[in-house]
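Below: one structure, written as C-alpha cells.
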Amino acid sequence: MNVIEIKDLTYTYPGASGPTLDHMDLAVEKGDFLAIIGNNGCGKSTLCKIMNGLIPHFITGDMEGSVLVDGKDTKTMSVGEIAGKVGYVYQDFENQIVRPTVLDDASYACMNYAMPDYLERGRKALRQCGLEGREQEYIWQLSGGQTHLLALAGAVSLEPDVLILDEPIAQLDPRHADLIYGVLKNLNEKWGKTIIVIEHHTEYIADYCRHVALLKDGHTEWVLPSAEALRRVDELQACNIFPPQVTIAAHQMKKEGMLADGMTLPTTLEEGKKAFGHLFFRRETLNLETKKENAAANKKTAADGNLAAAVTPAAKFQNVSVSYRAVKGEAKKIFRNLNLEIRKGEKIALIGSNGAGKSTLMKLMTGLIRPAEGEVWLKDRSIRDTKPEELSRTISLVYQNPEEMFIKDSIESDIAFAMQARHAKDWQERTEALLCRFRLSELKDRDGRLLSGGQMRRASLAIGIALNPEILLLDEPTANLDIATRKEIMRTLNEMKDITDTVIIATHDMQLVCEWAERIIVLCEGRVVADGSRNEIFGNREVTERTGIRPPEIFDMGKILNPGAFCYTIQEFRQQFGCGCV
Amino acid sequence: MESLEVNFQIYHYWRSKCAMKGEKMMQKLSDNILDKLSMDFLRNQVLKNAYGNDDTFIAKLDPRILLVWYLFFALVPWFVDQVPFLLGAFLLVAATTVMARVAGLVLALFVVGVFSQTGYLFLVSLLFGGNGETIFPLLILTLKVATVSLASVTVFSGLDPDRLSNGLMWFGCPERLSFSISYAYRILPMLMEEFQNVLLSYRLRGNAPDGSTLSGKIRYLIYQIKVIVHAFYPLMLNTAKRSRTTVEALELKGYRNAATSPAVKKLKLSSLKIGYDDMLFVAVSFLWMALTIFAAFLFR
C-alpha cells in the first residue's frame with residue numbers, strides 16, 4: 001500500500017518564473033526506507049514541504065495535480081491533520097526547537113493539539129529516539145547529534161506514519177551520524193515507520209536505505225532498489241552525486257578491464273570484499289608511496305634539526321587550560337594542560353568529535369578566548385596582553401557559519417573591508433584579484449547571505465585571506481555542503497596552498513583531511529591524543545577507535561583486503577590493487 | 001559564586017607570576033573587568049537568571065501565589081510611611097531574593113539603579129539648599145523603591161519563564177504574551193551568540209584605534225559603540241533567515257491551533273497546583289508583615 005502518492009504535480013513558487021516541480025509522480029510504499037537524491041535546486045526540499053502540507057496550506061503558490069497522504073488529498077486536510085501523519089525534520093534543525101527543556105519540546109506539538117497524555121507521548125518519543133534519561137535537561141546542554149534526535153522526537157511524538165528528514169547528518173561527526181541512522185533504522189523496523197531522507201552521503205544510503213529516488217529538473221527520474229540505483233555510476237555522477245567510493249573504484253577498474261565485465265558493482269564494504277577479493281596487493285607501489293612520504297618527512301626533520309634553534313614556531317601552546325562558564329554548577333573544562341607547537345608553513349588538519357575543543361583551540365589563537373592558565377604564543381610573543389584587533393594582522397579565522405562573516409551589504413565591500421580599515425594601498429586591485437581568484441566577480445554586488453552554500457564558502461575564504469595572514473584558521477570549511485560543492489571547495493583549498501603560509505583546518509571531513517593535510521592533530525576530550533601523518537593516524541587502530549574518527553571508505557576497503565594497504569583515494573586504491581601497469 | 005571562582009583563577013595566575021610588577025597587575029585587573037562584561041558573560045547571566053535557579057524554594061512555588069504576593073509588595077509600600085513596616089517588608093523581600101538565588105548581574109543592576117536614583121536626588125536637593133535632614137525622607141523613598149524592586153526581582157527572576165507565563169495565563173493574560181516570554185528566553189541566548197560572532201567579525205577585520213593614551217581610550221570607546229550599532233544590521237538579517245524555519249516549525253507543531261483552543265489552555269494550566277510549601281510561604285509572609293504592622297503601631 002502506498003502511504004504517499006503524488007500524481008502529476010506541478011508547483012511554482014509565488015513570483016518564480018518557472019515551476020520548481022514539473023509533472024512529478026512519486027509513490028512511497030508503507031514501511032519503506034527511501035532516499036531522495038538529486039542535484040542542487042532539483043526541488044528536493046520543495047517536495048518535502050509538499051508532502052507535509054506546508055505547501056499549499058502555509059506557503060502559497062501555483063499547485064496542480066494531487067498529493068495523497070494515506071489515501072487522503074492534502075488539500076482537504078489541515079496542517080495539523082497532516083502533521084499527525086507526516087513528521088518533518090529540517091536541515092537547520094536547531095531552529096525547529098522552540099522550548100527550553102527536552103521533554104517540553106518533545107511533547108509541545110501534542111500539547112498544542114490538546115492531547116491529554118501529551119507528556120507520556122513526549123516521553124515515549126524520547127525513548128524511541130534514544131534520548132531516555134535526558135527529559136529534564138536544557139536544550140543547550142545537548143550535543144549536535146542529540147539536538148537532532150530531539151527535533152526528530154518532536155516529530156515522532158505525534159505518532160506519524162511517515163518521517164521526512166532533510167540531510168540529517170550534514171553537520172555531524174561519523175559517530176553521531178551512525179547514532180542518527182541507528183535510530184532511524186529502529187523506527188523503521190521496530191515501529192513500522194516509513195522513513196524518507198534527503199541524503200548526499202551515498203555510503204549511508206548503501207548501508208541503510210531500501211530504495212532511492214532520483215529527482216532531476218523537478219520530476220522523478222526513477223525509483224530503484226538502493227544497490228541497483230547506486231550502481232548507475234555514470235548517470236549519478238552526471239547529476240553531481242557521488243556513489244560510494246568502492247562502487248566508483250570498481251566501476252573504473254571494470255572499465256579498464258581489471259575486473260570482469262559481467263560483475264555487479266559492490267556498494268558496501270561487505271560486497272567489496274567479494275568483488276575485490278581476488279585482487280593482488282602490490283606492496284611495491286605502497287613502498288614507492290611510503291618512500292616518498294618518508295623522504296619528505298626526513299627532509300623536514302633534517303630541516304627542523306638545522307633550524308630548530310634559529311626558528312621559533314608559528315604558534316605554541318604552553319600548559320594551556322580553558323574552562324567555560326556553565327549555567328549551573330561547575331565551569332566546564334575544555335583544555336587541561338594543553339601543549340602543542342605549530343611550525344611555520346604547515347598544513348594542519350585538526351580533527352576530533354563534536355565538542356572535542358577544535359573551535360576553542362582556534363579562538364585561543366586569535367585571542368578571542370584567554371586561557372585560565374598557561375600561555376599561547378604567536379611567533380615569539382605571548383598573546384595574553386594583546387587585543388584580538390592587533391593579532392588580526394598575523395592571524396585570520398574563517399567561521400564555520402559564513403553568514404557571520406558578512407558584515408557589509410555586498411561581498412565586494414566585505415572583502416575590501418579589512419583592507420580599507422587598514423588603509424592598504426592597493427586594496428582596490430587586491431579586492432578585484434580576490435574576486436576573480438574565487439570566481440566571485442559576477443556576484444560581487446550581491447549580499448553574502450543570499451548566495452548558495454558553495455558561493456558563501458568561497459566568499460568567506462576570500463574575506464579570510466584578504467589581509468594575507470601568516471596563519472589562516474578555517475573552521476569546518478566543508479560542513480553543510482553537498483558533495484559536488486564540497487569537491488569544489490576542496491579544489492579551492494588545494495589551489496590556495498601556494499598563496500597561504502600556515503593553515504589549520506578543523507574538520508570532520510576525512511576526505512579533505514586525507515587529500516589536503518600534511519599533519520593531522522587529533523583532539524579528544526581536550527587533549528591531543530595523536531599527532532602525525534595520515535598513515536600514523538589512520539594506521540593506528542587504538543586512536544581511531546578511541547576518538548571515533550573514521551577514514552574514507554576506500555581506506556577501510558584497502559585495509560580489509562590487505563592490512564598492509566594505505567590507500568586514501570580511489571586512485572591510490574587502483575594503484576595498490578590494480579594488476580595492470582601504473 | 002561564579003565571579004568568585006573567576007577571581008580565584010586570576011589570583012592563582014597572579015601567585016604563579018608573583019615576579020610581575022604591581023603596575024602590570026593593575027592593568028591585568030582592569031582587563032579582566034572588561035572581559036567580564038563580554039557578550040559571553042551576558043549570555044551566561046541571562047541563562048542563569050532564567051533557568052539556573054530552578055531548584056530553589058521560590059522557583060517551586062505556585063506562580064499564581066507568587067504573583068498575588070508580588071502585587072502586595074509592589075503596591076502597598078507606596079502608600080505607607082511607617083519606617084518599621086517598610087523595613088520589615090524590605091527584610092522579607094531581601095530574604096526571598098537570597099532564597100531565589102538571583103544572578104549576580106541582575107543584583108548589580110538593582111543596586112546601581114536604586115542608589116543612582118536616590119543618590120542623584122540627594123545631590124539635587126543639596127544644590128537647591130537642602131542639608132543633612134533631606135536625607136531622611138530620601139532614605140524612606142529608597143527603602144520603598146528597593147522593596148518594590150526586590151519583590152519584582154524575586155518573582156520575575158526566581159521563577160522560570162515557563163512557570164511565570166503559566167501564572168500570567170491563569171490570570172487571563174493572552175496566550176501570545178506567555179508564549180513570547182518563554183520563546184524570548186529560548187531565542188535570546190542564540191541571538192546573543194550570533195551577535196557576539198558578528199561583533200568579532202568587526203573586531204577581527206576592523207582597525208581599532210590605539211587605546212594607550214586617554215584620548216585614544218575615548219576614541220576606542222566611540223569605535224566600540226559604533227561597531228555595536230553597525231553589527232545590528234547583519235544580526236537582523238541573519239535572524240530573519242533563521243526564523244523562517246522556526247515559523248514553519250511552529251505551524252507544524254500546531255502553535256496556531258493552540259492559541260485559540262480553550263482545551264489546550266486547560267491542559268497547560270492543569271499543571272498548576274497549590275501545595276504545602278505555598279501555604280507555608282503565604283503564612284510566614286503574612287505573620288511577618290502582621291508583626292511589622294504591630295511594631296509600627298508600637299513606635300508611633
Side-chain angles (χ1 to χ4, degrees), chain A residues 49 52 54 58-59 79-80 83 88 90 92 94-100 104 108-109 111-116 118 138-140 154-155 325-328 331 366 368 370 372-373 385 387-392 396-397 399 401 403-407 409 417-418 421-423 447 449 463 466-467, chain B residues 2 5-6 9 12-13 16 27-28 31 35 40-41 44 47-48 50-53 160-162 182-183 185-186 189-190 194 197-198 200-208 211 230-231 233-234 237-238 241-246 248-258 261 263-264 267-268:
Chain A
K49 285 177 188 175
N52 70 14
L54 279 177
F58 195 68
I59 305 167
V79 174
Y88 185 46
Y90 284 83
D92 53 338
E94 63 273 11
N95 297 330
Q96 187 176 351
I97 286 161
V98 289
R99 304 289 297 170
D104 239 12
Y108 186 63
M111 187 186 68
N112 280 336
Y113 291 117
M115 302 173 179
Y118 67 101
Y138 290 112
I139 47 167
W140 50 84
R325 298 183 179 99
V327 172
K328 230 178 189 177
T366 51
L368 297 176
R370 308 244 167 122
E373 283 166 54
D385 298 324
K387 287 203 181 80
E389 283 91 341
E390 239 169 277
L391 293 176
S392 64
S396 165
L397 168 66
Y399 296 150
N401 184 0
E403 272 127 320
E404 286 159 0
M405 303 212 39
F406 301 133
I407 52 184
D409 54 2
F417 181 80
R422 281 171 180 66
H423 310 289
D447 188 311
R449 270 162 282 270
I463 294 169
L467 284 178
Chain B
E2 185 227 13
E5 190 186 53
V6 171
Q9 285 171 4
H12 260 280
Y13 173 74
S16 64
Q27 198 199 336
K28 243 333 75 68
D31 273 1
D35 270 0
D40 185 42
F41 173 73
N44 182 267
L47 282 177
K48 231 180 190 162
Y51 301 108
N53 45 12
D160 83 48
D162 291 308
S182 55
Y183 185 68
Y185 270 105
R186 154 82 185 90
M190 268 164 75
E194 184 118 12
N197 282 338
V198 174
L200 290 181
S201 284
Y202 272 101
R203 284 187 76 179
L204 288 182
R205 278 148 64 194
N207 194 10
H230 277 298
Y233 157 78
L237 290 179
N238 287 349
K241 212 177 151 185
R242 267 168 189 271
S243 55
R244 208 172 75 177
T245 299
T246 308
E248 284 182 14
L250 277 175
E251 177 72 17
L252 290 176
K253 290 187 184 218
Y255 170 63
R256 216 159 40 150
N257 178 57
S261 153
V264 175
L267 207 61
K268 274 188 186 168

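Protein chains get the first letters and strands the later ones, always in sequence-line order, with residue 1 at the start of each. Heavy-atom basis, side chains included; hydrogens, waters and symmetry copies ignored.
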Looking at [options], which makes the most heavy-atom pairs under 4.5 Å with chain A?
{"options": "B:Pro234, B:Ala231, B:Ala249", "value": "B:Pro234"}
{"options": "B:Lys253, B:Arg205, B:Arg242, B:Lys268", "value": "B:Arg205"}
{"options": "B:Val264, B:Val198, B:Leu250, B:Leu267", "value": "B:Leu267"}

Relative to chain B, which segment of [X] carries a heavy atom at a distance below 4.5 Å: side chain, backbone, both, or neither?
{"X": "A:Ile97", "result": "both"}
{"X": "A:Asp104", "result": "side chain"}
{"X": "A:Val98", "result": "both"}
{"X": "A:Tyr113", "result": "both"}
{"X": "A:Asp447", "result": "side chain"}
{"X": "A:Leu54", "result": "side chain"}

Top residue by heavy-atom pair count (under 4.5 Å) with chain B, among [options]?
{"options": "A:Arg422, A:Glu94, A:Met115", "answer": "A:Arg422"}
{"options": "A:Gly80, A:Gly154, A:Ala418", "answer": "A:Ala418"}
{"options": "A:Ile407, A:Val79, A:Leu397", "answer": "A:Ile407"}
{"options": "A:Leu467, A:Asn95, A:Ile463", "answer": "A:Asn95"}

Fill in: A:Tyr399/B:Leu200 under side-chain contact (heavy atoms from CB on, under 4.5 Å): CA gap, chis, key distance, verdict
CA-CA 10 Å; A:Tyr399 296 150; B:Leu200 290 181; 3.1 Å; yes
Discussion item. Show the nearest heavy-atom pair for residues A:Lys49 and A:Ile59, with the distance to one decimal.
Written reply: CD-CD1, 4.1 Å
Beyond-backbone contact of [X] with [Y], side-chain heavy atoms, under 4.5 angstrom:
{"X": "A:Thr366", "Y": "A:Leu391", "answer": "no"}
{"X": "A:Asn112", "Y": "A:Tyr118", "answer": "no"}
{"X": "A:Asn401", "Y": "B:Asn197", "answer": "no"}

Fill in: Short side-chain donor-acceptor distance under 3.5 Å, A:Tyr90 and B:Glu248
yes
Discussion item. Please tell me whether B:Asn238 and A:Glu403 have a donor and an acceptor in their side chains that are separated by less than 3.5 angstrom.
Written reply: no
Worksheet item: Of all residues at least two apart in sequence or in a different chain, which pass the ring pair (Phe, Tyr, Trp, His ring centres under 6.0 Å) check with B:Tyr202?
Response: A:Phe417
Worksheet item: What is the distance from atom CZ of A:Arg449 to atom CD of A:Glu404, rounded to the nearest 0.5 Å?
Response: 10.0 Å
Response to the item:
Under 4.5 Å to a heavy atom of chain A? For B:Tyr233 that would be side chain
